[in-house]
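Note that the structure is a prediction, hence the values are computed from the model and not measured.
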Amino acid sequence: MGTMTKRIKDLRDKRTAYHEQMKKKEMLRIASYLQENDRHNFMTGEGFVVLPEQERLRLRIDTYPYLR
């Protein structure tokens, strides 16, 4: 049973690593279309507006009305 658990953990780790790699590739692809200053903001996360919790919940309800 221990080897099966180790196998599942290994597969999960490989899948997580793969998805992280694909996220990086996708971010680089998107960034390639941006201007230099926008690319810097996109890659570092600077310049984005932080939404207050209430506003974030309101937007979610507006987007998904069935969650009311």
Can you find a pair of side-chain heavy atoms, one from His40 and one from Thr44, that are under 4.5 Å apart? yes
Met43: which residues meet the side chain to side chain contact (heavy atoms under 4.5 Å, CB included) condition with it, sequence neighbours left out? Met27, Leu28, Ala31, Arg39
Calculate, to the nearest 0.5 Å, the distance between atoms NZ and OG1 belonging to Lys9 and Thr16 respectively. 9.5 Å
Cluster partners of Tyr18, using ILVMFWY side-chain heavy atoms under 4.5 angstrom, listed by chain and number? Met22
Looking at Lys14, Arg7, Arg12, Lys6, which one forms a salt bridge (charged side-chain N to carboxylate O under 4.0 Å, His left out) with Asp10? Lys6
Hey, what do you get for CG (Asp38) to CD1 (Ile30), rounding to the nearest 0.5 Å? 13.5 Å
Arg29 CZ: over 12 foreign heavy atoms closer than 6.0 Å: yes
Can Lys23 and Glu26 be said to form a salt bridge (charged side-chain N to carboxylate O under 4.0 Å, His left out), step by step? CA-CA 5 Å; Lys23 272 195 238 178; Glu26 183 66 12; over 6 Å; no
Taking atom CD of Gln35 as the centre, report whether more than 12 heavy atoms of other residues, nucleotides or ligands fall under 6.0 Å from it. no
Reported CG-to-CD1 distance for the pair Asp13 and Ile8, which is rounded to 0.5 angstrom: 12.0 Å
